[in-house]
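Because only heavy atoms are used, hydrogens play no part in the values below, and waters and symmetry mates are left out as well, while side chains stay in. To find a chain, count down the sequence lines: A is the first, B the second, and so on, and within it residues start at 1.
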Amino acid sequence: MPNEERRRMEGFLDAIAAGVAALFPELEAADVRPLLQTPSQPERGDVSLPCFPLAAKLGKKGKQGALEVAEAVAAASLDGVEAEAAGPFVNFRIAPDRLAEAVLREVWQRPRYGASDEGRGKTVVIDFSSPNIAKPFHLGHLRSTVIGWSLGQIFRALGYRVVGVNHLGDWGTQFGFMIAAWKRWQDEAKQRVAQGESEIEVFAKLYARINSLAEEDPAVREEAQRWFKKLEDADPEAQELWTYFVERSKREFARIYELLGVSHESDAGEAFYNDKMQATVERLRASGLLVEGETKKETAERKLREARERLASAREKLAAAEGELAREDLSAKQRKKLDKRIEKLRAEVPRLAAQVEKLAAWVPAEDDGERPWGVRLDDGRFAILLKADGGTTYTTRDLTAAYYRAETYSPEQILYVVGSAQRDHFEPWFEIVRKLGEPWAEGLRHVGFGKYLGMSTRKGTAVFLDEVLEKARQKAREAAAQATKKVELSPEETERVARAIGTGAVKFFDLKNERIKDIDLGRPGGEGIDWERLLDLKGDTGPYLQFAYARLAGILRRWEGPVSPEAADFSLLSELESRALLRALAEFPARVRQAARDYEPSVIARYVIDLAQKTHAFVHHHRVIDAEPTEEQKAAGVRPETLRATRVLLVRCAQKVIGEALDLLGIEALEQM
RNA sequence: GCCUCCUUAGCUCAGUUGGAUAGAGCAGCGGUCUUCUAAACCGCGGGUCGCAGGUUCGAAUCCUGCAGGAGGUACCA
């Protein structure tokens, strides 16, 4: 039975569930199985079962019922499992050698312990990284890249076919600006490149420069728009420059992906869909969903009206609050609260007033009568798909890309690993796909993530990836020089390892927390970036994990005997540290599934930290290749070779799982460091 | 104004989807390297789980309200 081989650890849980269910005719194993959990305190045992829900199913009420059920369950006899009632809970303890054997045999036998075939025959498309051409790769892009890659690895492990797509930002008005900038300053730009500055940096500076120029001079903006129009009309010069920007940017991205160990199956960017947009528009038209929206003037007037209403309401509230404050019968607490409220409103009113003024200035004098086309959403919002000038929008392009991906890859899911700020961009067109009745609409997922705080392009505190990786490598080099070393590495190896550690530190920092959370790199009270936090090498970090792996590798290098379950005596793994490590190992497959279900690499990240902690604790407390049996063990006839072979097996299994988990995170495991 | 998300130790964060005495790392203090890598290990201190109600045998977890913070809010991607 291959299934039995595959799920030995889970076999215990199934057996416990079956054993418990067998005590009550009303229950089936499936009623019990989901209730089994890991006890909060390890001393309580390996598996625990709260009896309240069971009691409820059996028609017994309250705590008394739960106590009765717990008593009854504890009396059940299960092979290799001890049961003990603890109030309304039952704790199960698996015989130490059974637990060790089940876990280690499974880890040992399976090519990849965390892998499964539940995704066989299914495809997941993951849109990730997706940087913009002619803009440097900064920390913001790193998140999408690292999270997306990790999700891909996780789905691959579960047997899915994964199609990673780099939806490059290689189309749009930005190219009009780039071309305009190039036409102006190409001599200077070429010179800088000749002097060794990276092309993408030069591009980025040109882009920033032309943009600030356009802020002041509307003519520049029009010039850029003309260039983009030329590009759309296949003007040879515009096309040549576009190709140049795209090619050079791609070359730069390739270098970065190489550095990060990341790749895509497809790099069909925005421009790829240029000739496919019309079909989307036709499809929408045919569906009858496409309706006319407001003219620019109507929109501007509506926004102005809304802003005025907000201003009026804020003023009213302010007046009311001030009136309230004049009353005599207020407690100090109420007064303080009101003061705070008034303070806020006083700040709010001028802000709103300024907004009203700004909006008023934006209202066009004439209504051109041109209307965009779009879809009215369920909540009343309007998603524009065709601009008043006939152009398409980002939404149209994403819709087109989604159809292409659905038709080309027949995916079960399409994931968009894009910042949370764009949520309101994805949800509307997901809804449109549903309205169109496409069966694959349910597989569309926006996998959002928080942003890095404490840096901004405007303030010039934006951080480029190269800079971060270089700093990280430097830090790793310094740490290596200081650390207590017991391995000799050549200068080349030292350098390679320093890079892997630096990259590992940066990636892990990005992956370790829930993806939705923002990452604040600002210093507590001041300006600038807190590098120490990002580049830390101690504690919950990538290097900590890499070190755990390397430490085990070091032990295994020195072992000359066999590594196999046949050489082991599983009853020798009963120490606290061994059992903790075994239990951690047993969790891995479930964690991988959880990570996929929630699209959360952080589940793996936190798991492997826990595993590494238990690994470090084990090797710190117990010798492996020169282990000696205790007096007690000697008396029982335990030979040193057996003890050593047993621990070597445990070490090998721990190393394997740490390695697999690191692979799922996209972090390189190191044999030596 | 409306919508979405966040709030747990001094700091950064977990918390097995409603279970038992809420856990890690950093920072602080004190111990461990003649023994397989001390980038490690062991110990100590540190909590009104933002506030107030509600549901439940049981709430950090679910519901409602409030406060604070982040983001979005019609033709930029």
Side-chain angles (χ1 to χ4, degrees), chain A residues 37-41 44 48 50 52-53 55-56 61-66 86-89 132 169 171-174 270 293-294 296 298-300 302-303 306-307 309-310 313-314 337 340 370-374 379 381-389 391 393-394 397 419-425 427 448 450-451 453 476 479-480 482-487 501 512-514 516-520 524 532-533 536-541 543-544 546-548 550-559 587 590-591 594 602 606 609-610 613 616-617 619-621 623-627 651 672-673:
Chain A
Q37 51 194 246
T38 307
S40 49
Q41 314 282 317
R44 290 193 172 120
S48 82
F52 287 105
K61 277 184 199 133
K63 190 164 183 180
Q64 194 51 41
F89 292 82
N132 288 320
W171 200 251
T173 344
Q174 47 177 329
E270 292 174 6
E294 300 164 332
K296 285 201 170 106
E298 284 166 355
T299 304
R302 178 171 52 79
K303 289 180 110 176
E306 284 167 0
E309 278 164 17
R310 248 174 282 161
S313 143
K337 221 174 147 182
K340 222 177 155 186
E370 302 281 331
R371 292 176 182 279
W373 290 78
D379 64 2
R381 283 182 304 169
F382 189 70
I384 292 181
L385 293 159
L386 269 183
K387 297 192 275 189
D389 67 3
T393 65
Y394 180 34
R397 205 168 284 268
S420 301
Q422 292 197 46
R423 184 181 188 282
D424 288 351
H425 225 100
E427 292 302 332
K451 54 182 195 140
L453 302 175
Q482 279 186 339
T484 317
K485 282 287 159 190
K486 295 197 177 165
V487 286
I501 290 170
K512 72 176 171 182
N513 294 138
E514 257 185 315
I516 198 73
K517 296 236 159 84
D518 289 337
I519 299 179
D520 189 354
E532 290 309 306
R533 232 173 332 132
D536 207 354
L537 307 173
K538 300 178 305 200
D540 286 354
T541 66
Y544 178 89
Q546 289 167 315
F547 181 53
R551 225 177 154 181
L552 300 184
I555 292 171
L556 293 168
R557 266 199 303 278
R558 281 160 211 264
W559 176 250
E587 268 184 58
R591 292 298 189 161
Q594 187 193 347
S602 65
R606 287 190 302 266
I609 277 288
D610 181 63
Q613 278 170 356
H616 277 304
V619 295
H620 186 85
H621 289 284
R623 302 252 89 207
V624 179
I625 56 173
D626 53 2
V651 161
Q672 299 184 40
M673 64 186 272

Looking across every strand, which nucleic acid part, if any, lies under 4.0 Å from A:His621 by heavy atom: base, sugar-phosphate, or nothing?
sugar-phosphate
Counting any heavy atom closer than 4.0 Å, what does A:Ile501 reach on the DNA or RNA strands: base, sugar-phosphate only, or nothing?
base
Is there a side-chain contact between A:Lys451 and the phosphate of B:G72, meaning an N or O under 4.0 Å from OP1 or OP2?
no
Return the nearest nucleotide to the side chain of A:Pro372; candidates are B:A14, B:A74, B:U37.
B:A74
Touch class at under 4.0 angstrom, heavy-atom based, for A:Lys538 against every strand present
sugar-phosphate
If I take atom CG from residue A:Asn513 and atom CG from residue A:Asp518, how far apart are they, to the nearest 0.5 angstrom?
11.0 Å
When you measure from the side chain of A:Ser48, which nucleotide among B:C36, B:A20, B:A74 comes out closest?
B:A20
With distance as the sole test, does A:Arg591 use its side chain to make a donor-acceptor pair with the main-chain N or O of A:Arg606 at under 3.5 Å?
no
Distance, rounded to the nearest Å, where A:Gln546 contributes CD and B:A40 contributes P:
12 Å
Can you tell me if the side-chain N/O atoms of A:Arg558 get under 4.0 Å from OP1 or OP2 in B:U37?
yes
For the pair made of CZ in A:Phe547 and C1' in B:A38, what is the distance, rounded to whole Å?
7 Å
Side-chain donor/acceptor of A:His425 to base of B:A77, under 3.5 Å
yes
Rounding to an integer number of angstrom, what distance separates B:G43 and B:C51 when you compare their P atoms?
31 Å
C1' spacing across the pair B:G18 / B:U55, given as an integer number of angstrom
11 Å
May I have the distance from A:Asn132 (atom CG) to B:A77 (atom P), rounded to whole angstrom?
11 Å
Consider the side chain of A:Thr299, meaning its heavy atoms from C-beta on, and name the nucleotide among B:U35, B:A74, B:A39 that approaches it most closely.
B:A74
So does A:Arg606 reach the base of B:A24 with its side chain, donor to acceptor, closer than 3.5 Å?
no
Shortest non-hydrogen contact between A:Ile625 and A:Ile555, atoms and distance:
CG2-O, 3.9 Å
So what does A:Gln672 touch, heavy atoms closer than 4.0 Å: a base, only the sugar-phosphate, or nothing?
base
On a whole-Å scale, what distance lies between the C1' atoms belonging to B:A39 and B:C33?
14 Å
Mind checking A:Ala421 for me? I need base, sugar-phosphate or nothing, with any heavy atom below 4.0 Å counting as a touch.
sugar-phosphate
Any base atoms under 4.0 Å from A:Arg44, or only sugar-phosphate, or nothing? Heavy atoms, all strands.
base
Heavy-atom pair with the smallest gap, counting every atom of A:Glu370 and A:Ala388:
OE1-O, 3.5 Å
When all nucleic acid strands are considered with a 4.0 Å heavy-atom cut-off, which category describes A:Ile516: base, sugar-phosphate, or nothing?
sugar-phosphate
Nearest-neighbour nucleotide for the A:Ala617 side chain, B:A74, B:A40, B:C41 considered:
B:C41
Output the rounded distance in Å from CG (A:Asp379) to P (B:A74).
13 Å
Output the single nucleotide from B:G25, B:G23, B:A39 whose closest atom is nearest the side chain of A:Pro543.
B:A39
Report the nucleotide, chosen from B:U12, B:C41, B:C36, that has the shortest atom-to-atom distance to any side-chain atom of A:Tyr544.
B:C41
Using a cut-off of strictly less than 4.0 Å, decide whether A:Lys512 has a side-chain nitrogen or oxygen near OP1 or OP2 of B:A24.
no
Base, sugar-phosphate or nothing for A:Arg302? Non-hydrogen atoms, less than 4.0 Å.
base
Could you tell me whether A:Val619 contacts a base, only the sugar-phosphate backbone, or nothing, with contacts defined as non-hydrogen atoms closer than 4.0 Å?
base
Report which part of the nucleic acid A:Tyr394 touches: base, sugar-phosphate, or nothing (heavy-atom distance under 4.0 Å, all strands).
base
Atom-pair distance (NE2 on A:His620; C1' on B:G31), nearest Å:
11 Å
Of the options B:C36, B:C75, B:U16, whose atoms approach the side-chain atoms of A:Lys296 most closely?
B:C75
Closest approach of A:Ile501 to A:Gln546 (non-hydrogen atoms, all atoms of both residues):
CA-OE1, 3.5 Å
So which nucleotide does B:A52 pair with, by the Watson-Crick or G-U wobble rule with both distances under 3.5 Å?
B:U64
Would you say whether A:Phe89 stacks on B:G19? The test is a distance between ring centres of less than 5.5 Å and an angle between planes of less than 30°.
no
With a 4.5 Å limit on heavy-atom distance, are the side chains of A:Thr38 and A:Glu587 in contact?
no
Please state the P separation for the pair B:G30 and B:U12 - nearest whole angstrom.
26 Å
With the side chain defined as heavy atoms from C-beta on, A:Arg551 is closest, among B:A38, B:A39, B:A77, to B:A38
A:Gln594 side chain near B:U17 phosphate (N/O to OP1/OP2, under 4.0 Å):
no
Using the C1' atom as the reference point in each nucleotide, state the distance between B:A22 and B:U16 in Å, no decimals.
14 Å
Considering only the P atoms, how many Å lie between B:A14 and B:C6, rounded to the nearest integer?
11 Å
What's A:Gly169 touching, base or sugar-phosphate or nothing? Going by heavy atoms closer than 4.0 Å.
nothing
Side-chain contact check for A:Gln613: nearest option of B:A38, B:A24, B:G19 is B:A24
Using atom C1' in both nucleotides, what's the gap between B:U32 and B:A38 to the nearest angstrom?
9 Å
Identity of whatever pairs with B:G46 - Watson-Crick or G-U, under 3.5 angstrom
none
Under 4.0 Å, counting only non-hydrogen atoms across every strand here, what does A:Arg310 touch: a base, just sugar-phosphate, or nothing?
base
So A:Glu270, base contact, sugar-phosphate only, or nothing? Heavy-atom distance under 4.0 Å.
sugar-phosphate
Does a side-chain N-to-carboxylate-O contact under 4.0 Å join A:Arg302 and A:Glu298?
no
Kindly say whether, by distance alone, the side chain of A:Thr173 makes a donor-acceptor pair under 3.5 Å with the base of B:A77?
no
Choosing from B:U37, B:U12, B:A77, which nucleotide comes nearest the side chain of A:Lys486?
B:U37
Given atom CG of A:Asp536 and atom C1' of B:C13, what is their separation to the nearest angstrom?
14 Å
Partner nucleotide, any strand, of B:C41 [Watson-Crick/G-U, under 3.5 Å]:
B:G31
Give one of base, sugar-phosphate or nothing for A:Ser313, where a contact means two heavy atoms less than 4.0 Å apart.
nothing
Compare side-chain N and O positions of A:Lys517 against OP1 and OP2 of B:U12 and report whether any pair is under 4.0 Å apart.
no
Under a 3.5 Å limit on both distances, the Watson-Crick or wobble mate of B:G1 is B:U73
Distance-minimising heavy-atom pair for A:Pro88 and A:Ala66:
CB-CB, 3.8 Å
C1' gap between B:C41 and B:A60, integer Å
31 Å
When every non-hydrogen atom of A:Gln37 is compared with those of A:Pro50, the smallest separation belongs to NE2-CG, 3.9 Å
Between B:G19 (P) and A:Gln41 (CD): distance, integer Å:
15 Å
Within this structure, what is the NE2-to-P distance between A:His616 and B:A24, rounded to whole angstrom?
16 Å
Assign each of A:Pro39 and A:Lys63 to its nearest nucleotide of RNA chain B by heavy atoms, then name whichever residue's nucleotide is nearer the 5' end.
A:Pro39
